[in-house]
> 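Take this structure first; my questions come after.
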Amino acid sequence: RFKLVYLFFVFSLLDLAYRAATVHRQHFNAKEVQQCTLLSIKTGGCPEDCSYCPQSSKHKDSPVNATRLMKVDDVLESAKIARDEGSTRFCMGAAYREVRGKWSFEQILQMVSGVRGMGLEVCRTLGMITDIQAKQLKEAGLTAYNHNLDTSRDFYSKIITTRTYE
């Protein structure tokens, strides 16, 4: 780790960008860009107080209105449109601290398997999940999970106070 940090002091930003691009091109076609679509399947009403996030119910001046979890068929229709328009990854975000209730999680699993069944990569953000939920999401076809650790352990308490980094 120290060696990686040291590189930031030895090389200029442009040198680092060049090196990163060189590694990227060894593994990917430089002329291709993956098109992804992001859909908010449950907006607003999150009980966390992340200082940067308008989804939080703690921010009374937020223009974001809370919505319920979208219906599976509506999500799958959005994924189909995204696929037909060239997306190869479909990401679904939900303003949750954690998913509660078996019904909601079953709906989410149906969304994941339905989107994966269309040949798309599937990513999710649902807040905190259990080990069992992570396994179920993987079995349903999830290809990536976005977490909410948006800063370092040392700075975390300045961003959010409703939970700890751990």
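Hydrogens, waters and symmetry mates play no part in the numbers below; they use all other heavy atoms, side chains included.
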> Kindly work out whether a path of hydrophobic side-chain contacts (I/L/V/M/F/W/Y, heavy atoms less than 4.5 Å apart) joins L109 to W103.
yes
> Once you round to the nearest 0.5 Å, how far does CZ of F90 lie from OG1 of T143?
12.5 Å
> Output the distance between atom OG1 (T22) and atom NE2 (H27), rounded to the nearest 0.5 Å.
11.0 Å
> Would you say the side chain of T37 lies within less than 4.5 Å of the side chain of L120, judging by non-hydrogen atoms?
no
> Using every non-hydrogen atom in the two residues, find where G141 and R116 come nearest and quote the distance to one decimal.
O-CD, 3.2 Å
> Any chance you could measure L38, atom CG, to C123, atom SG, to the nearest 0.5 Å?
7.5 Å
> Suppose we screen for side-chain contact (heavy atoms from CB on, under 4.5 Å). Which residues come up paired with K80, at least two apart in sequence or across chains?
E77, R83, D84, M118
> Please find the pair of heavy atoms, one from R89 and one from A144, that lie closest to each other, and give the distance.
NH1-CB, 4.0 Å
> Using every non-hydrogen atom in the two residues, find where A94 and R124 come nearest and quote the distance to one decimal.
CB-NH2, 4.5 Å
> Within this structure, what is the OG-CZ distance for the pair S104 and R68, rounded to the nearest 0.5 Å?
9.5 Å
> Going by the side-chain contact (heavy atoms from CB on, under 4.5 Å) test, name the single residue among L76, D74, V75 that passes it with V72.
L76
> Of all the heavy-atom pairs spanning G45 and A66, show the shortest one and how long it is.
N-CB, 3.8 Å
> Distance check, rounded to the nearest 0.5 Å: I129 atom CD1 versus K135 atom NZ?
11.5 Å
> Which residue is it: N146, T125, V115? I am looking for the one with a side-chain contact (heavy atoms from CB on, under 4.5 Å) to M92.
V115
> Do L16 and V10 land in one hydrophobic cluster if side-chain heavy atoms of ILVMFWY residues count as linked below 4.5 Å?
yes
> Could you tell me whether a side-chain N or O of Y145 sits under 3.5 Å from a main-chain N or O of L126, the two making a donor and an acceptor?
yes
> Is any side-chain heavy atom of L69 less than 4.5 Å from a side-chain heavy atom of M111?
yes
> Do Y96 and I108 have side chains that approach each other closer than 4.5 Å (heavy atoms only, starting at C-beta)?
yes
> Considering non-hydrogen atoms only, spot the tightest contact between M70 and S40 and give its length.
SD-O, 3.6 Å
> How long is the span from the OG1 atom in T161 to the OH atom in Y156, to the nearest 0.5 Å?
10.5 Å
> What pairs with Q34 under side-chain hydrogen bond (donor to acceptor under 3.5 Å, both in side chains), at least two apart in sequence or on another chain?
T88, E121
